[in-house]
**Q** 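First the structure, which I've put down as structure tokens, then a few questions once you've had a look.
Everything numeric here is computed off the predicted structure, so don't read it as measured data.
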Amino acid sequence: MPRKLLVTSALPYANGAIHLGHLVEYIQTDIWVRFQRMQGHEVLYVCADDTHGTPIMLRAQAEGITPEALIERVYGEHTRDFFGGESAAAGGKLGGFMVSFDNYHTTNSPENRAFCEDIYRRLKERGLIDIRSVEQFFDPVKAMFLPDRYIKGECPKCGAKDQYGDSCEACGSTYAPTDLKHPYSAVSGAAPVRKASEHHFFRLSDPRCEQFLRAWTQGGQHVQPEAGNKLKEWLGAPGENKLADWDISRDPPYFGFAIPDTGGSKFFYVWLDAPVGYFGSFRNYCERTGKSQAEIDAYLRPGGDTELVHFIGKDILYFHALFWPAMLEHAGYRTPSKVYAHGFLTVNGEKMSKSRGTFITAQSYLELGLNPEWLRYYYAAKLGSTMEDIDLSLDDFVARVNSDLVGKYVNIASRAAGFISRQFDGELAYAGDTVSLVEGARATAAAVRDLYDAREFGKAMRLVMETADRINQEYDRHQPWLLAKDPQRRGELQDCCARALYGFKLLSVLLAPVLPRTAQNVARSLFGMERDFAWDDALALPERIQPYRHLMTRIDAKQVSALIEANKESLQPVLPASPARHGEQQQHAEKPATAAHITIEDFAKLDLRVARIADAEHVEGADKLLKLTLDVGALGTRTVFAGIKAAYDPATLKDRLTVMVANLAPRKMKFGISEGMILAASDDSGGPFLLAVDDGAKPGMKAK
RNA sequence: GGUGAUGUAGCUCAACCGGUUAGAGCGCCACACUCAUAAUGUGGAGGUUGAGGGUUCGAGUCCCUCCAUCACUACCA
């Protein structure tokens, strides 16, 4: 019985170009989708641009255009990269990277708005929406609330200037925007002020949500085992109530959908309407193709026999495995059947980097004339069913594609077709037993089918290439180039070439989900079919061929070098990149390498002082911390929390002299502000041991 | 600091519930072949499975410690 599958890839954010990191997901999903279609299942593969939120709004302002104009332009770029643009959509989705969406929509659509409003209203009816006051940074010049990423200032830890409100690129520490020293708005440069506003929350902490999610995420039905473990961590132990309510509203100005009944004073947070965009795109497709309401409901209401399958990056598991199913469940919609998370892409073993030129855009890859099927194959060869990261090793990419695809696979057709065309006018004929030949193919196809279905593409590719090796070996064994010289042995020649070409057909069917364009060429141009391959074509012996035309060229390593060169850039984005977002895999900033040595100037930045421990006390509820009051002479007294409880009794510390870092940025900790740091030594064998100061030193003296 | 993942030949990866001399492809060396847009075949070299302990008749596989990388996280400051 055919399955009915509604499949999605995460929505790419409409403020940037598609790059090779994104493509892991779209290629992975597309291979799976094409495979399922070949099995005869009904598949709807939908996606959309994720178009709302502050980054889009500000970017449009910076460019002096409306947000609508911006997202329309980006829509054109994204669809071009994915499948050659809207104009190519009707032609079989073999442009761009050949991602075969049935529908590619936008979240800024009436369909999406209707779903968002409906879901919100239903959640509200069920008492799962709370309204609470929240205090946030506000830009008085632009008259807008600022997301964390738009507040910059000095890192509270290392003092680096111009750091974002959530983490420091210099030292890698994370903190709240309120921790920043000298904060300023990245939008206007003004000093932000604290301001309260009412926010709408989805009550994820409600027992109904927790209970549902505990059941939904465990048991291995919906997510991979590793993802299940991660989710378990986030859910905490039963009763622990680790899930925090989710803030789903934003204040204007905001590019997005107004929340119903707020008179336009509140907007849905982009992360609410993004996943809902899957449904919006689906509905748009249904309306476009004249589907009935009953058919639509079969996909959206609980209890149907359809499957909803999401492919995502592991960075957005939280949204897709917690917020999203909980929202759907309590709003009366069906919940996802599967959420499949993949890992990040690294290039040459490292994070993609603009300075190294490994932050490669889809557009540059295509414009430089690299074949998208090369990348599709390489990703397929590397992908498995887990959340593990995959590495694009560029040397390996060249070697692997050339050897597997050209040397092994395409070469089979190239070497056997010539004899058939020249000596037999394209006629294939088989001598002797063909039953075991077809049975062998059947077994291979079945094994590959199971691997595709389980998303074990790497294993599938290995099996396909083993098969290609065997076909080459078998062909060699008959030495057709010798048979061709002996008129008595024409039958043998024709047979071994026919068998090789049947093998080639088998391989082409098995590779069709990965290499759709080549497979189409093989089916139509070589085997003269009037349609594309179906899975069962793997079992049908071909009877004749058209003259062979070369199917795929090798990668020249120079093309890859040119690609790297083309992507090396020093241009900084006009505005800060948005944080992890729908389909926005790995936009993490690179951390600069730490220098092995520091200069004397670096050292001079440290203000080390002799401190007298004026008071030391236990902290209620703290396992490791002691609260110290330090006398630092002329600098006055400082409160410092030190993690030395295990080694020191407060009573013994009083009046001891030790060394502190006096100019360390104050750090808000659970039990108060710590205004410095005392020095202590420790390693595996023991510690911590406080540093002592020889007699004669006075509190406040500088250590250098 | 904690939790989890990863660490296997030069490169990319395999190895079911622990079970014979740890496999494959690429690369490399030699040979063969010439049908194929230098593709193919045969053979070979190459690994103390990150390090060190332990359990076992037997460990890449299980346990402990450590190291490295990555992710998440925190009451290191």
**Q** Distance check, C1' atoms only: G50(B) and U6(B), in whole angstrom units.
**A**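 Nearest-Å result for G50(B) against U6(B) at atom C1': 11 Å.
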**Q** Take atom CE of M677(A) and atom P of C75(B), then tell me their distance rounded to the nearest Å.
**A**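 Computing the M677(A):CE to C75(B):P distance gives 16 Å.
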**Q** Choosing from G25(B), A71(B), U6(B), which nucleotide comes nearest the side chain of K351(A)?
**A**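 Nearest listed nucleotide: A71(B).
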**Q** What integer number of Å spans the C1' atoms of A24(B) and U49(B)?
**A**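 Nearest-Å result for A24(B) against U49(B) at atom C1': 15 Å.
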**Q** Under 4.0 Å, counting only non-hydrogen atoms across every strand here, what does Y548(A) touch: a base, just sugar-phosphate, or nothing?
**A**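 Counting heavy atoms under 4.0 Å across all strands, no contact is made by Y548(A).
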**Q** Nearest of G41(B), C75(B), A15(B) to any side-chain atom of K459(A)?
**A**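 So the side chain of K459(A) is nearest to A15(B).
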**Q** Which nucleotide sits closest to the side chain of S403(A): G25(B), C75(B), C26(B)?
**A**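 Of the options given, the side chain of S403(A) lies nearest C26(B).
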**Q** Reading RNA chain B from 5' onward, which residue's closest nucleotide shows up sooner: A399(A) or D476(A)?
**A**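 Nearer the 5' end of the strand: A399(A).
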**Q** Look at the side chain of Q559(A) and the backbone N and O of D556(A), then say whether any donor-acceptor pair between them is shorter than 3.5 Å.
**A**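 Checked: pair present.
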**Q** In whole Å, measure the gap between the P atoms of C63(B) and U56(B) for me.
**A**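 Those two atoms are separated by 16 Å.
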**Q** Name every residue in residues 409-421 of chain A that has at least one heavy atom under 4.0 Å from any atom of RNA chain B, in order of residue number, or write none if there are no such residues.
**A**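 When residues 409-421 of chain A is checked for heavy atoms under 4.0 Å from RNA chain B, the hits, listed by number, are N411(A), S414(A), R415(A), F419(A).
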**Q** Measuring only the P atom in each nucleotide, how far is G41(B) from C26(B)? A whole number of Å is fine.
**A**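 Between the two P atoms, the distance is 8 Å.
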**Q** Is the centre of the F323(A) ring less than 6.0 Å from the centre of the Y318(A) ring?
**A**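 Yes: the rings meet the under 6.0 Å criterion.
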**Q** Which nucleotide in the list G41(B), U6(B), A15(B) gets nearest to the side chain of Q473(A)?
**A**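 Per side-chain heavy atoms of Q473(A), the pick is G41(B).
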**Q** To the nearest angstrom, how far is L551(A) atom CG from A36(B) atom C1'?
**A**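 Roughly 13 Å, once rounded to whole Å.
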**Q** Going by purine N1 to pyrimidine N3 plus the second Watson-Crick contact, or the G-U wobble pair, all under 3.5 Å, which nucleotide sits opposite A9(B)?
**A**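 Partner of A9(B): none.
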**Q** Considering only U12(B), A38(B), C35(B), which nucleotide approaches the side chain of D391(A) most closely?
**A**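 For the D391(A) side chain, the nearest candidate turns out to be U12(B).
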**Q** Look through every strand shown and name the nucleotide pairing with G41(B) as Watson-Crick or G-U wobble, where both distances are under 3.5 Å.
**A**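 Here G41(B) is engaged in a pair, and the nucleotide opposite it is C31(B).
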**Q** In whole angstrom, what separates D404(A)'s CG from G25(B)'s C1'?
**A**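 Rounded to the whole Å, the gap is 7 Å.
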**Q** For A24(B), decide between syn and anti, treating a glycosidic angle within 90° of 0 as syn.
**A**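 A24(B): anti.
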**Q** Which whole number of Å gives the distance between the P atom of U20(B) and that of C64(B)?
**A**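 So the two P atoms sit 25 Å from each other.
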**Q** According to the salt bridge (charged side-chain N to carboxylate O under 4.0 Å, His left out) rule, which pairs have a member within residues 368-382 of chain A, sequence neighbours left out?
**A**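 Those involving residues 368-382 of chain A are D30(A)-R376(A).
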**Q** Please state how far atom CG in N472(A) lies from atom C1' in A39(B), giving the value in whole angstrom units.
**A**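 Going from CG in N472(A) over to C1' in A39(B) covers 9 Å.
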**Q** Between L23(A) and Y365(A), is there a side-chain heavy-atom distance shorter than 4.5 Å?
**A**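 Answer no - side chains too far apart.
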**Q** Can you tell me the distance, in whole Å, between the CD1 atom of I545(A) and the P atom of A36(B)?
**A**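 The distance from CD1 of I545(A) to P of A36(B) comes to 14 Å, rounded to the nearest Å.
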**Q** Roughly, in whole Å, what's the span from NZ in K314(A) to P in G4(B)?
**A**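 That distance rounds to 16 Å.
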**Q** Rounded to whole Å, please give me the gap between CZ in F457(A) and P in C13(B).
**A**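 One finds 17 Å between P of C13(B) and CZ of F457(A), rounded.
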**Q** Taking pairing as Watson-Crick or G-U wobble with both contacts under 3.5 Å, can you name the mate of U20(B), or confirm there isn't one?
**A**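 Partner of U20(B): none.
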**Q** Salt bridge check: are R499(A) and D495(A) linked by an N-O gap of less than 4.0 Å?
**A**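 Yes, charged N to carboxylate O under 4.0 Å.
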**Q** What I want to find out is whether R415(A) reaches D476(A) closely enough, with some N-O distance under 4.0 Å, to be called a salt bridge.
**A**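 A salt bridge is present here (some side-chain N lies under 4.0 Å from a carboxylate O).
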**Q** Any strand is fair game: report the nucleotide pairing with G1(B) by Watson-Crick or G-U wobble, both distances under 3.5 Å, or none.
**A**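 Its partner is U73(B).
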**Q** Can you check whether L317(A)'s main-chain N or O pairs, donor with acceptor, with H320(A)'s side chain at less than 3.5 Å?
**A**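 Judged by distance alone, no pair lies under 3.5 Å.
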**Q** Considering Watson-Crick and G-U wobble pairs with both distances under 3.5 Å, what does U65(B) pair with?
**A**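 A51(B) - that is the nucleotide pairing with U65(B), both distances being under 3.5 Å.
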**Q** Ignoring the backbone of R462(A), work out which of C35(B), C13(B), A38(B) is nearest its side chain.
**A**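 Among the listed nucleotides, the one closest to the side chain of R462(A) is C13(B).
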**Q** Can you tell me if D631(A) uses its side chain to pair, donor with acceptor, with the backbone of G633(A) under 3.5 Å?
**A**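 Pair found, side chain donor or acceptor close to backbone of G633(A).
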**Q** Identify, between H550(A) and D396(A), the residue whose nearest nucleotide on RNA chain B lies closer to the 5' end.
**A**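 Residue closer to the 5' terminus by nearest nucleotide: D396(A).
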**Q** Tell me whether R462(A) is salt-bridged to E466(A), with the criterion being a basic N under 4.0 Å from an acidic carboxylate O.
**A**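 Between E466(A) and R462(A) there is no salt bridge, as every charged N stays at least 4.0 Å from the carboxylate O atoms.
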**Q** Taking atom CZ of F424(A) and atom CD1 of I545(A), what is their separation to the nearest 0.5 Å?
**A**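 Spacing of CZ (F424(A)) from CD1 (I545(A)) equals 11.0 Å.
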**Q** Is K408(A) close enough to G25(B) that one of its side-chain N or O atoms is under 4.0 Å from OP1 or OP2 there?
**A**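 No, K408(A) has no side-chain N/O under 4.0 Å of OP1/OP2 on G25(B).
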**Q** Provide, to the nearest angstrom, the distance between the CZ atom belonging to R554(A) and the P atom belonging to A39(B).
**A**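 Roughly 3 Å, once rounded to whole Å.
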**Q** For atom C1', what is the distance between G19(B) and G60(B), given to the nearest Å?
**A**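 That atom pair is separated by 13 Å.
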**Q** Pick base, sugar-phosphate or nothing for R477(A), based on heavy-atom distances below 4.0 Å to the nucleic acid.
**A**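 Result for R477(A) = nothing.
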**Q** Expressed as a whole number of Å, how far does the P atom of G44(B) sit from that of A22(B)?
**A**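 These two P atoms come out 16 Å apart once rounded.
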**Q** Can you tell me how far C1' in C28(B) sits from the matching atom in C72(B), rounded to whole Å?
**A**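 Nearest-Å result for C28(B) against C72(B) at atom C1': 42 Å.
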